[in-house]
Each structure stands twice: as structure tokens, then as C-alpha cells.
Amino acid sequence: MAGTIWRNPAFLRVFTASTISIFGSLVTRTALPFAAILVLGAGPLEVAAIRACEIVGGLVVGLVAGAWIDRLLRRPVMIAADLGQAIVLGSIPIAAIGSWLTMPHLVVVALLASALSTFHDVADNAYLPTVVKRDELVAANSALSASSSVAEVSAFSIGGVLVQLLTAPIAIAVDAISFLVSAAVLGTIRRPETRPAPRAEHTSIIAEIVDGLRPIAGSPILRTLVLAGSGTHLLWGAFGAVYLVFATDELGLGPAMIGLIAAVGGISSLAGALLGPRANRRFGVGPCILFGLIAFTIGNALIPLAPAGSIAIAVALLVGQQLIGDAAATIEEITELSLLQTTVPNELLGRVNGTYSFLTHLFLLVGTIGAGLIGEWVGLRQALVFGLFGGVAAVVFVWLSPLRTLREMPSAPISAIVSGVDVPLSE
């Protein structure tokens, strides 16, 4: 199956566009908080505020994005979202050059970029099953994860160096350019996309949002995916809120070193992406998800153990987290996304993706705000420990569900009731 996707021109273009935009986005993931920390002197609460706005943007539009995307062609949505992000992020280096950069500006950019990214990601996840066959989804998602991992290896290290040499706002300009290139590549895809079936005139957005909730409510597998995803996103939220401040202020690491440590995670993620299809065949769908969550949580438990008095030991523990957690998380993510895409009918995939995005962003926000407050008032290590509860909860949800023993991907999507009509199984 893996060889087949590389002979698919449409998938190759999706793969190329994704790799380019992910590279730029990872540069910004490093540079945006550093713009706040190094340029504007932000502390844990301010960085958490930026992270929170990144989440709120996705949270606000998540459900609506899913409903709209099931009404529209998905590739034009992806292109429009890329162009929008290029404009929004491009405003940061312009403001920095003119000495107009402020914390409210960064907050607004984080909010708008997140909303646009949510539209793009929901459309992208729903678009992939129209580009490759359903039995090729694991291979396709593994390839996309591998490209993301390669981008991570270079982007975080290059991002740290760019921040140190050129300043954070100028590094963000790289991301703005990457979105322009991604939009151009997506524009070259010539494979026609099937137009969504017309909606009944009386069907409201609210009714379509409810349609996206029904498959999750009715399927133990989908419910578990959402619950486990919510737990891991709480952990990610806490990590994103305080990790850079912890590494910079408490451990004394600079942007370049932090970028190099993150690049190790890219190598680890690449290994996970390459092993993902083989692990699925050897151990089964459920065990891969469960193992990935356990190792991801154990890896993140190393971070708060990093001592402030010894840079060598601290770096070793942070590298250990990248090696253990990132590989396992990548295997889990590939399996989870492929299972969702395989299980949900194409007619509902945008709405279910939107619902998943909304619910996981909600817990991402809880993790971010909770860790920001704990980091500001109690301590950064305690904030990182708080996030671990999300990983533990995710493991428990999967362990207690039928997903734990699921061996193979479903042979066909589930049937679902959409606005009172039974949707037939998609081919």
C-alpha cells in the first residue's frame, strides 16, 4: 500500500504542501512565545495567555468549521486558510520592524491564526480519504507524520537559531512565506473533488453540528477516541503553557539549545511514523493506541524531574522525553486518525472532525489556563505535573473500553443518522 500512494499525484501534492506549511508552523511555534518572552518580557501567565488564545480560536470555530466543510469543497477551504494565515502571521515582522509590536497584537494573531488553522486541519483530515483509498489511510497518515517529523527535526533547531540570530518576529516571517507556498502547491491539484450532496433548505448549522455529535455518542470506539484525545490535549496544553518558560528561566537554556532538543523529538517522531504501519499490523489498532498513550505519559513525566542546578542532567531528561514520548505519540496519532477516518462516513467526516477538534481544544484550553495559573502562583514544576493527569486519564479511558482489544481497522464506515436520514456506508 505504501508504494501505491507515492504513485498518486494528488497525494504527492498534499504531502508536499503539508510538509512546507508544517515546517513554517513549527518555526513559529518556537518563535511566537519567544517573541513574547524575549522581546516583550512575558512571564508564565502572558505566555499562557497567548497559548490560550491559540486554543480559543480553534475552540470557537471547531463545530461550525466541521458543519461548513461538509457543505463545501475541501481543497479551496485549505487554500483560503493558508492564505489567511500568511497575512495574519506576516503582520508580526512588519509590526516589529516598525516598533509597533505589542502583547495584544500577539494575542490577536494567535487567535486568528488558530481559527484559520482549525478550518484547514478539519478540511485536510476530511479531504485525505478522497485522495487515497480507505485501506491506504494508515500508509498515507504515516507518510504525512514522517514528513512532519523531518520538518520538526529541522524547523525547531533552525527556529531556535533564527530567533537567536535574527529575532523571533523575523523568524515568524518564514512561516508566513511557507503558507503562501503551501497554498500554491494545493492549487496545482487537478483531481476533481466530489461536490457535497445539497442540503435540505430547512437544515440549520445547529442541526448539522448535532449530526456530528451522533456518531460519537453512538460508537464506543469514537467516544473513547474523543475522551483519550481530550486527556492528551490537557497534557499538551500544560506543556505548551510553561515548558519554554521552565526551560529558559529555571533551567537556564537558550533558544538554540531548546530548538536542538526539540529536533531530537523530530527524529523520534520520524521513527514512530516509519514504524506505525508495521506496529499496527503486528500488535493491532487498540494496543498501538494504548502503548502510545502510556509511553507518551511516561516520557512527559521526565520534564518536571529536570534539575535547575545541572544543565547536563536537565538536557538529558528533556532529550529523554523527546525520545520516549514523541515516537510513541506519533504511532498513537497515526493509528487514531486513521481509525477515525476509516470509521466515519465521508458525508459526516468534516462534522465529526470538527466535533473532535472542539472537544479536544476545550481540554487543551483547560490545560493551558490551569498550568499558567499554577506556574504563576505555585511553581513551574507543579504546573507540568498537573498536565500529567491528562495523560493518565487517557490511558484509563482506553484501558476500560473495547478499543483496548481492537485488532484491525473496520472494513467499512459505520452507518449514522443525519438529520433524520440514515446515511449509507461510504465506499
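Bear in mind that the values here come from a model prediction, so they are computed numbers and not experimental data. Below, all heavy atoms of this structure are taken into account, side chains as well, without hydrogens, waters or symmetry copies.
- Around atom CZ of Arg278, no more than 12 heavy atoms belonging to other residues, nucleotides or ligands sit under 6.0 Å away.
- For the pair Leu318 and Tyr243, the minimum side-chain heavy-atom distance is below 4.5 Å.
- Side-chain contact between Phe386 and Val242 is absent, with no heavy-atom pair separated by less than 4.5 Å.
- With contacts defined as side-chain heavy-atom distances shorter than 4.5 Å, the pair Ile289/Leu225 qualifies.
- Between Val395 and Leu290 the shortest side-chain heavy-atom distance falls below 4.5 Å.
- Considering only heavy atoms from C-beta on, Leu253 stays 4.5 Å or farther from Thr248 through its side chain.
- Evaluated for a side-chain contact (heavy atoms from CB on, under 4.5 Å) with Gln321, the options Asp326, Ile298, Ile261 yield exactly one hit, Asp326.
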(Q) Set out, in order, the CA-CA distance, both residues' side-chain angles and the distance that settles side-chain contact (heavy atoms from CB on, under 4.5 Å) for Gln341 and Asn141, then state yes or no. (A) CA-CA 10 Å; Gln341 291 170 331; Asn141 283 315; 2.8 Å; yes
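- At a threshold of 4.5 Å between non-hydrogen side-chain atoms, the residues Phe179 and His120 do not count as touching.
- For Thr360 (side chain) and Tyr356 (main-chain N/O), a donor-acceptor pair under 3.5 Å exists by modelled atom type.
- Trp100 is listed as a side-chain neighbour of Ile94, based on a closest heavy-atom distance under 4.5 Å.
- At least one side-chain heavy atom of Arg407 sits under 4.5 Å from a side-chain heavy atom of Pro287.
- Side-chain atoms of Arg75 do not come within 3.5 Å of backbone N or O of Tyr127 as any donor-acceptor pair.
- Distance alone, capped at 3.5 Å, places no donor-acceptor pair between the Ser230 side chain and the Phe363 backbone.
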